[in-house]
2 protein chains.
Amino acid sequence: MNSLSEENYLKAIYKLREKNNAPITTNAIAEAMDTKASSVTDMLKKLSAKDLIHYRKYQGVRLTSRGEKTALMIIRKHRLWEMFLVKKLSFRWDEVHMVAEQLEHINSDKLIEQIDKLLDYPKFDPHGDPIPDSKGRIETQKVKLLSGLKRKSSGIMKGVDDHDPSFLRYLDKEGLALGCRIQVTDIIEYDRSLKISVDNKKELYISHEVAKNILIG
Amino acid sequence: MNSLSEENYLKAIYKLREKNNAPITTNAIAEAMDTKASSVTDMLKKLSAKDLIHYRKYQGVRLTSRGEKTALMIIRKHRLWEMFLVKKLSFRWDEVHMVAEQLEHINSDKLIEQIDKLLDYPKFDPHGDPIPDSKGRIETQKVKLLSGLKRKSSGIMKGVDDHDPSFLRYLDKEGLALGCRIQVTDIIEYDRSLKISVDNKKELYISHEVAKNILIG
DNA sequence: AATTATTTTTAGATATGTCTAAAAAAAATA
DNA sequence: TATTTTTTTTAGACATATCTAAAAATAATT
Ligand SMILES: [Mn+2]
Ligand SMILES: [Mn+2]
Ligand SMILES: [Mn+2]
Ligand SMILES: [Mn+2]
């Protein structure tokens, strides 16, 4: 078995890879994990010895297939727990991440399979992120950033890129939730802020920064 | 916050006290935790410094009210999770303990209150043990050991003292479950084994050892 | 290509939780 | 009460995971 710390490193490496598709550097991991580069180096040696990553000094790192499988199982648990908290325990989408960070390390195959079943095998979590199935397979949805849409174009809100609770609560306040139909009514050139209509009902102004973190599909 | 190890010690101390109602010795804790006396001494100093136990060298130990409250909250979480696993995720009563040992350390007030609510505030866990409420209050049921019952006397099976999976599966196989009406039909003097009737339907022979671990109320 | 700056690794320290072996205290026995 | 046995604590070691500071390797600039 892998320690909590090892699991968190694997997850961080997986997510860095997902974002950049470039070799993953010690410093990038250190920043993602909020720790020091020297600590990362120590852990990389450990993960390498366990054949969870490919690691050559100074050359960056990537997951082995064993490492990737392990990372995917942790992410599966994280996202299923988030879904469980929202669907079964009335958590809001801005409250679930912190608790899921703990629950993702619980080790029981039967537990996670039963949670999956109870939720009727959801494909996406409360933030629109895909949930790997029990084999580690992911169903990706093709999405664009709202900030990249042209005037008059529209789509369905499918996810968010920033998971910060304050961002999510802001979206709640403005009535922006997954599944909403969003149309770009106007683009203000000066600061690239947007005027949008939500579900063809209300109109709303949002900043470019906000639009950059909303996924439309 | 307390570490996982600290939480497990507090729980062990609480349970030793529950059994014996005597001062709790270093060796007793070591045996309960499957560790060495020297490790226990180290931890007792730590818990004492945190004002979770009263500890004087060589004099044994007891929980402070803070320590007891903490222990009760861990036990509350353990038993609620066991109940959740049985009632919502189709676990058998012999499978839940190991998983609950992990889940009891998840730290989220909202999570445990919502689990409690989802289960409609159960008073007893799948093994008949009382579940402390959110204030730490316990509703005890007065029970006797089945091994202590006289011939012809009867009662309802309310709990088990041994939580070993193999014991629980044995009870399943014999059709002995919480809520069954059990009547002592005969007592074999030679080995104190019992002939019992279950729900006035089937007759069954059980050893004294088994009877000692069944609670009747 | 040589120098400088940045990144990464190593060396050595600290904190937690564990262990074995030895010392100290308490309990049991003679 | 003195001696022996048992229990408990201390001393010192080890593994994990972290840190700071220094050294080494790589990358960027002149
Ligand atoms: Mn999350
Ligand atoms: Mn999520
Ligand atoms: Mn249990
Ligand atoms: Mn139980």
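Fair warning: this is a prediction, and the values are worked out from it, not measured in the lab. When reading the values below, keep in mind they use all heavy atoms of this one structure, side chains included, and skip hydrogens, waters and symmetry mates. So that the names make sense, note that chain A is the first sequence line, chain B the second, and so on, each numbered from 1.
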Report the C-alpha distance between B:Val210 and B:Leu194 in whole Å, list the side-chain angles of each, state the deciding distance to 0.1 Å, and finish with yes or no for side chain to side chain contact (heavy atoms under 4.5 Å, CB included). CA-CA 9 Å; B:Val210 165; B:Leu194 300 181; over 6 Å; no
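- Ionic pairing of A:Lys135 and A:Asp133 is not present here: no N-O contact between side-chain nitrogen and carboxylate oxygen is shorter than 4.0 angstrom.
- With sequence neighbours left out, the ring-ring contact (aromatic ring centres under 6.0 Å, His included) criterion links A:His127 to A:His163.
- A side-chain donor-acceptor contact under 3.5 Å links B:Ser193 and B:Asp191.
- Closest non-hydrogen pair, B:Lys36 versus B:Ala30, comes out as C-CB, 4.0 Å.
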Between N or O atoms, less than 3.5 Å apart, protein on one side and nucleotides 22-28 of chain C on the other: list the pairs.
from	atom 1	to	atom 2	distance (Å)
C:dA25	O4'	B:Tyr58	OH	3.3

Evaluate the side chain to side chain contact (heavy atoms under 4.5 Å, CB included) criterion for residues B:Lys144 and B:Leu149: first the C-alpha distance (whole Å), next the side-chain angles of each, then the deciding distance (0.1 Å), finally the verdict. CA-CA 8 Å; B:Lys144 299 179 250 187; B:Leu149 258 58; 4.3 Å; yes
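- A heavy-atom distance below 4.5 Å is found between the side chains of A:Leu118 and A:Lys88.
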If you restrict it to nitrogen or oxygen atoms, what contacts under 3.5 Å exist between nucleotides 3-6 of chain D and the protein, and what is each distance?
none

Between the protein and nucleotides 16-20 of chain D, which nitrogen or oxygen pairs are less than 3.5 angstrom apart?
from	atom 1	to	atom 2	distance (Å)
D:dA17	OP1	A:Ser3	OG	2.7
D:dA17	OP2	A:Lys46	NZ	2.6
D:dT18	OP1	A:Ser5	OG	3.2
D:dT18	OP2	A:Ser5	OG	3.3
D:dC19	OP2	A:Thr35	OG1	2.5
D:dC19	OP2	A:Lys36	N	3.3
D:dC19	OP2	A:Ser39	OG	2.5
D:dT20	OP2	A:Lys36	NZ	2.9
D:dT20	O4	A:Ser38	OG	2.9

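- Closest of all the heavy-atom pairs between A:Pro130 and A:Phe124 is CA-CD2, 3.6 Å.
- Under the Watson-Crick or G-U wobble criterion, with both distances below 3.5 Å, C:dA30 is paired with D:dT1.
- To the nearest 0.5 angstrom, B:Leu103 atom CG is 9.5 Å from B:His105 atom NE2.
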Which donor-acceptor pairs under 3.5 Å do side chains of residues 51-58 of chain A form with protein atoms, sequence neighbours excluded?
none

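- Surrounding CD of B:Glu189 are at most 12 heavy atoms belonging to other residues, nucleotides or ligands under 6.0 Å away.
- The stretch residues 12-28 of chain B does not touch DNA chain C, since none of its heavy atoms comes less than 4.0 Å from the strand.
- What separates CG of B:Asn8 from P of C:dT16 is a distance of 18 Å, to the nearest Å.
- A salt bridge links B:Lys11 with B:Glu104; the closest basic N to acidic carboxylate O contact falls under 4.0 Å.
- Whole-Å rounding puts the B:Glu7 CD to C:dG17 P distance at 11 Å.
- In this structure, the NZ atom of B:Lys45 is 14 Å from the C1' atom of C:dT18, given to the nearest Å.
- Between B:Asp161 and B:Phe167, every side-chain heavy-atom pair lies at or beyond the 4.5 Å cut-off.
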